[in-house]
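Structure first, then comments.
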Amino acid sequence: RLGAETPRGVLLLSLDTVRGDALDKMPRLQARLQSATVFSKARATSSWTLPSMATVHTGLAYPAHGAGQPVHSGAVVVHTGLDPDKPVLAEDLAERGFITAAVTTNPFNGQRYGFHRGFDRFVDLSRHSLRRHALRRASLARVVVPALSDRGDFVTEQVLEWLPLAAEGRFFLWA
C-alpha cells in the first residue's frame, strides 16, 4: 500500500537474471539510484521469472497470486498466469489517477500471463519479436520484415516515446 504521501512518479525497473554486482558497471543507473528508494536486500520469491514478478506486482507470495502453476496437458506443460481476481499494482495506481505504462521483453512478463492489467499502454516486445522472427524465417519475408530488437536501446526508445505523456501528472512506468 502507498503511504499517505503518494509519489509523483514510480519507476519499476526489472532486470531479469542480473547479479547485484553488475549494477556497479552501470554508472548512469547508479547516479539515478542516489535519489531513489532502493530495496537493496530484496530477494526473489521463486527460482524463475513468472511467479517472482507476479509477487512484485501483487504483493502476494507464490502460489497465492496464481502465476506459475504447472498445468499438464498430455506431454505439454503450460503455466498459469496471474489470477484475474487478485489486484495488481498497476490497477491500484490507475485507480489513484496515475498514468501507467509498461515495456517488457520477457514472454513471462507479457499479456499472455496477465501482466498487462491496469496499464494504459503495454508494449509486449516479446510478442512482436516472436511474430517478426517467424515472418523473417519465411522465404522472402526477411527482405521486407525488419528484425525487431528486444535489446535495452529499443526498450529505452519505447520508454522515451511514452515519457512526455506522463510529464503532466503522476505516473507508473515498468520497464
Side-chain angles (χ1 to χ4, degrees), residues 1-3 6-7 9-20 22-23 26 29 33 36-134 148-152 154-159 162 166 170-175:
R1 294 278 173 223
L2 292 173
T6 304
V10 176
L11 169 64
L12 172 59
L13 178 62
S14 57
L15 305 171
D16 199 355
T17 61
V18 175
R19 288 178 21 174
L23 298 177
M26 301 177 189
L29 179 60
L33 294 177
T37 301
V38 177
F39 300 94
S40 60
K41 295 194 189 249
R43 300 291 183 260
T45 58
S46 177
S47 62
W48 66 293
T49 303
L50 177 55
S52 289
M53 289 307 296
T55 294
V56 170
H57 286 270
T58 64
L60 300 172
Y62 176 76
H65 48 61
Q69 299 287 333
V71 177
H72 301 274
S73 176
V76 177
V77 176
V78 294
H79 293 91
T80 58
L82 286 163
D83 181 337
D85 294 328
K86 306 293 184 194
V88 294
L89 179 60
E91 291 171 325
D92 184 45
L93 293 174
E95 286 175 12
R96 294 170 186 257
F98 279 66
I99 300 166
T100 59
V103 181
T104 181
T105 61
N106 189 315
F108 290 118
N109 295 157
Q111 185 171 346
R112 174 181 179 183
Y113 294 100
F115 284 93
H116 66 290
R117 292 177 24 218
F119 286 102
D120 298 313
R121 178 179 176 164
F122 190 86
V123 180
D124 185 349
L125 295 175
S126 68
R127 295 179 71 197
H128 297 284
S129 292
L130 291 172
R131 198 174 301 128
R132 284 179 182 247
H133 182 69
L148 179 63
S149 173
D150 63 358
R151 295 183 4 223
F154 193 77
V155 172
T156 301
E157 286 177 29
Q158 294 293 308
V159 167
W162 175 80
R170 299 183 304 174
F171 69 89
F172 170 48
L173 172 61
W174 172 36

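Here the straight-line distance linking atom CH2 of Trp48 with atom CG of Asp16 works out to 11.0 Å at 0.5 Å rounding. Distance check: Leu50 CG to Gln69 CD gives 9.5 Å after rounding to the nearest 0.5 Å. From Asp85, atom CG reaches atom NE2 of His65 across 15.0 Å, with rounding to the nearest 0.5 Å. Distance check: Leu173 CG to Ile99 CD1 gives 11.5 Å after rounding to the nearest 0.5 Å. The CG atom of Leu60 lies 9.0 Å from the CG atom of Asp83; values are rounded to the nearest 0.5 Å.
The two residues Thr80 and Val71 make their nearest non-hydrogen contact at CG2-CG2, 3.6 Å. Annotation for Ala54 and Leu82: closest pair CB-CD2, 3.5 Å, computed over non-hydrogen atoms. When every heavy atom of Ala67 is checked against every heavy atom of Pro51, the shortest pair comes out as O-CB, 3.7 Å.
Looking at Ser126 and Thr105, their side chains never come closer than 4.5 Å, going by heavy atoms from C-beta outward. Considering only heavy atoms from C-beta on, Pro107 stays 4.5 Å or farther from Arg112 through its side chain.
Among His57, Lys86, Arg117, the one residue that satisfies the side chain to side chain donor-acceptor pair (under 3.5 Å) test with Glu91 is Arg117.
There is no side-chain donor-acceptor pair under 3.5 Å between Trp174 and Thr104.
Taking the six-membered ring where the residue is Trp, Phe108 and Tyr113 present tilted rings, their angle falling between 30° and 60°.
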